[in-house]
Trainee: 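Got a structure for you, questions after.
All values derive from a computational prediction rather than experimental measurement.
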Amino acid sequence: MENTKKILLVDGGPLSENLKLATQNLHYVNILPSIGLNVYSILLHDTLVMTRDAVNRIVERMHTPINR
């Protein structure tokens, strides 16, 4: 198991209970909602898998101006 690649799975909305149950015994898979995605989490994993909804939400968030 040492050579198992780590996978980060990003979902668009709140994480469903079915997704949590499906991945809880896979120690090399971590799941995050798109709102929780960060550079550090991406760099810790070998593979990044994103749902279409997650990509759309991240693109939308990147186009939103920061009001300071």
Trainee: Could you check whether any side-chain N or O of Ser16 sits under 3.5 Å from a backbone N or O of Leu19, counting only pairs where one atom can act as donor and the other as acceptor?
Mentor: yes

Trainee: To the nearest 0.5 Å, what is the distance between OG1 on Thr23 and OH on Tyr28?
Mentor: 10.0 Å

Trainee: Locate the shortest heavy-atom distance separating Arg61 from Leu37; write the atom from each residue and the value.
Mentor: NH2-O, 4.2 Å

Trainee: Drop me the distance from Leu48's CG to Leu43's CG, to the nearest 0.5 angstrom.
Mentor: 10.5 Å

Trainee: Check whether more than 12 heavy atoms from other residues, nucleotides or ligands sit under 6.0 Å from atom CD of Gln24, and answer yes or no.
Mentor: yes

Trainee: Rounded to the nearest 0.5 Å, how far does CD1 of Ile31 lie from CG of Leu15?
Mentor: 4.5 Å

Trainee: Flag yes if Leu44 and Ile42 sit in one hydrophobic cluster, no otherwise; membership is Ile, Leu, Val, Met, Phe, Trp, Tyr, and two members link when side-chain heavy atoms are under 4.5 Å apart.
Mentor: no

Trainee: Apply side chain to side chain contact (heavy atoms under 4.5 Å, CB included) to Val59 and Arg57, showing your working.
Mentor: CA-CA 5 Å; Val59 167; Arg57 288 178 186 236; over 6 Å; no

Trainee: Between Val39 and Val10, is there a shared hydrophobic cluster once you connect ILVMFWY residues whose side-chain heavy atoms come closer than 4.5 Å?
Mentor: no

Trainee: Is any side-chain heavy atom of Leu9 less than 4.5 Å from a side-chain heavy atom of Leu32?
Mentor: no

Trainee: Would you mind listing every side-chain hydrogen bond (donor to acceptor under 3.5 Å, both in side chains) that reaches into residues 34-43, with sequence neighbours excluded?
Mentor: Asn38-Ser41

Trainee: Quick one, Ile7 with Asp46, criterion side chain to side chain contact (heavy atoms under 4.5 Å, CB included). Give me CA distance, side-chain angles, the key distance, then yes/no.
Mentor: CA-CA 6 Å; Ile7 299 171; Asp46 300 303; over 6 Å; no

Trainee: Scan residues 6-27 for pairs that pass salt bridge (Lys or Arg N to Asp or Glu O under 4.0 Å), counting only residues two or more places apart or in two chains.
Mentor: none

